[in-house]
Amino acid sequence: MFRHQKELQFEVKVERPDPLLARQIQEVLGGQFGEMTVMMQYLFQGFNCRGEEKYKDMLMDIGTEEIGHVEMLCALISQLLDGASPEAQAEAAEDPAIAAIMGGMNPQHLLVSGLGGLPTNSNGVPWNGNYIVASGNLLADMRSNLHAESQGRLQVARLYHMTKDEGVRAVFRKMLARDRYHQYQWMEAIAELEEKNGVAVPASFPPEAEQEAQPHAFEFWDLSEGSESAEGRWAKGSAPDGTGDYVYLKDPAPQGQKPMPAVPPTAIHHDLDGKATDK
């Protein structure tokens, strides 16, 4: 069950309208790493969570908070659009730099939403359910959550420097703080799960089951020009779970055969060289 409170999680009060900034903020609302994505990702992970109740409870807590962040960003976008008009859009486009970079304000804010936030990114591309990850494997999902929060916080940090509006910046500071905590949260959950089950996903598939492929689990194949990659921790030392030592392979040779696919039937119309035969 969900219950809506009328008050926002944090105050939203902009200093002045800014339809161009409203368009930019759409990215952290409905973009790939926006609040809609983390909201849906955490909620679906929580809905489908099995096992220890604390993980499900945490996911539902944070997923529900993200619903509030979506509402907060919609309020922010709406305030930035207050007073916007087709005339304002035309005036903004008179600046060649703005016109070239932004193409003016988002016309959908006028035509589609009536000066409100949209479930789209900053270019008007609709939010996509394929953005979310909810695999049912807690460690894999928590790592995806850390990635999503890292990218989302990065984008908010960039937006922070794109405005001097102290009201907008105050909202961003709150979001940056919460996204920082959420990164800590996923790091802690990841560390706990790795301590329980190991660092490789899925832990239920043991290394010894890989049989003859086991040595390849520790090889770094140098497949690009230069050998600087040999200096990384990923190319020397031991694996995090202690199951083996890394090996750096310079100029590794292929170990498979050259593919020799059969010539298809004439009816397939590959137009090869006339040698195909019906089969």
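Here the structure is a predicted model, which means the values were calculated and not measured.
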- [ ] Step by step, work out the side chain to side chain contact (heavy atoms under 4.5 Å, CB included) result for F172 and I25.
- [x] CA-CA 10 Å; F172 287 162; I25 291 173; 3.8 Å; yes

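- For the atom pair L193 CG and E188 CD, the distance stands at 11.5 Å (nearest 0.5 Å).
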Task: Verdict with reasoning, E15 to R169, per salt bridge (charged side-chain N to carboxylate O under 4.0 Å, His left out) - done: CA-CA 10 Å; E15 293 180 351; R169 283 189 159 194; over 6 Å; no

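- Each of Y246 and F220 belongs to its own hydrophobic cluster when Ile, Leu, Val, Met, Phe, Trp and Tyr are linked at side-chain heavy-atom distances under 4.5 angstrom.
- A continuous path of ILVMFWY side-chain contacts below 4.5 Å connects M142 to L146, so both sit in one hydrophobic cluster.
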TODO: Starting from the C-alpha separation in whole Å, work towards a yes-or-no answer on side chain to side chain donor-acceptor pair (under 3.5 Å) for H182 and Q185.
DONE: CA-CA 5 Å; H182 291 161; Q185 164 198 302; 4.7 Å; no

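- For the pair L43 and F2, the tightest heavy-atom approach, listed with the atom from each and the gap, is CD2-CZ, 4.1 Å.
- Side-chain contact annotation: S135 with N137, donor-acceptor N/O pair under 3.5 Å absent.
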- [ ] Take K54 and E192 through the salt bridge (charged side-chain N to carboxylate O under 4.0 Å, His left out) test and state the conclusion after the steps.
- [x] CA-CA 12 Å; K54 68 178 180 180; E192 182 175 296; 2.7 Å; yes

Open item on the list: Let's go through R173 and Y160 carefully: what are the C-alpha distance in whole Å and the side-chain angles of both, what is the deciding distance for side chain to side chain donor-acceptor pair (under 3.5 Å) to 0.1 Å, and is it a yes or a no?
Closed with: CA-CA 8 Å; R173 283 194 291 269; Y160 183 89; 2.9 Å; yes

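- Note that CG of L81 is 6.5 Å distant from OG of S113, once rounded to the nearest 0.5 Å.
- A single hydrophobic cluster is seen to contain both L73 and I132, as judged by linkage of ILVMFWY side chains at heavy-atom distances under 4.5 Å, directly or through other members.
- For the side chain to side chain contact (heavy atoms under 4.5 Å, CB included) with I77, the qualifying choice from Q24, Q26, R23 is Q26, the only one to do so.
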TODO: Give the C-alpha distance, both sets of side-chain angles, the deciding distance and a yes or no for salt bridge (charged side-chain N to carboxylate O under 4.0 Å, His left out) between E149 and R180.
DONE: CA-CA 8 Å; E149 289 288 350; R180 181 148 62 98; over 6 Å; no

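- Ring-plane geometry between F33 and H147 is classed as perpendicular, the angle between the planes exceeding 60 degrees on a 0 to 90 degree scale with a lower cut at 30.
- The closest side-chain donor-acceptor pair between H216 and E219 falls under 3.5 angstrom.
- Taking a 6.0 Å sphere around CZ of F44, one finds it holds 12 or fewer heavy atoms contributed by other residues, nucleotides or ligands.
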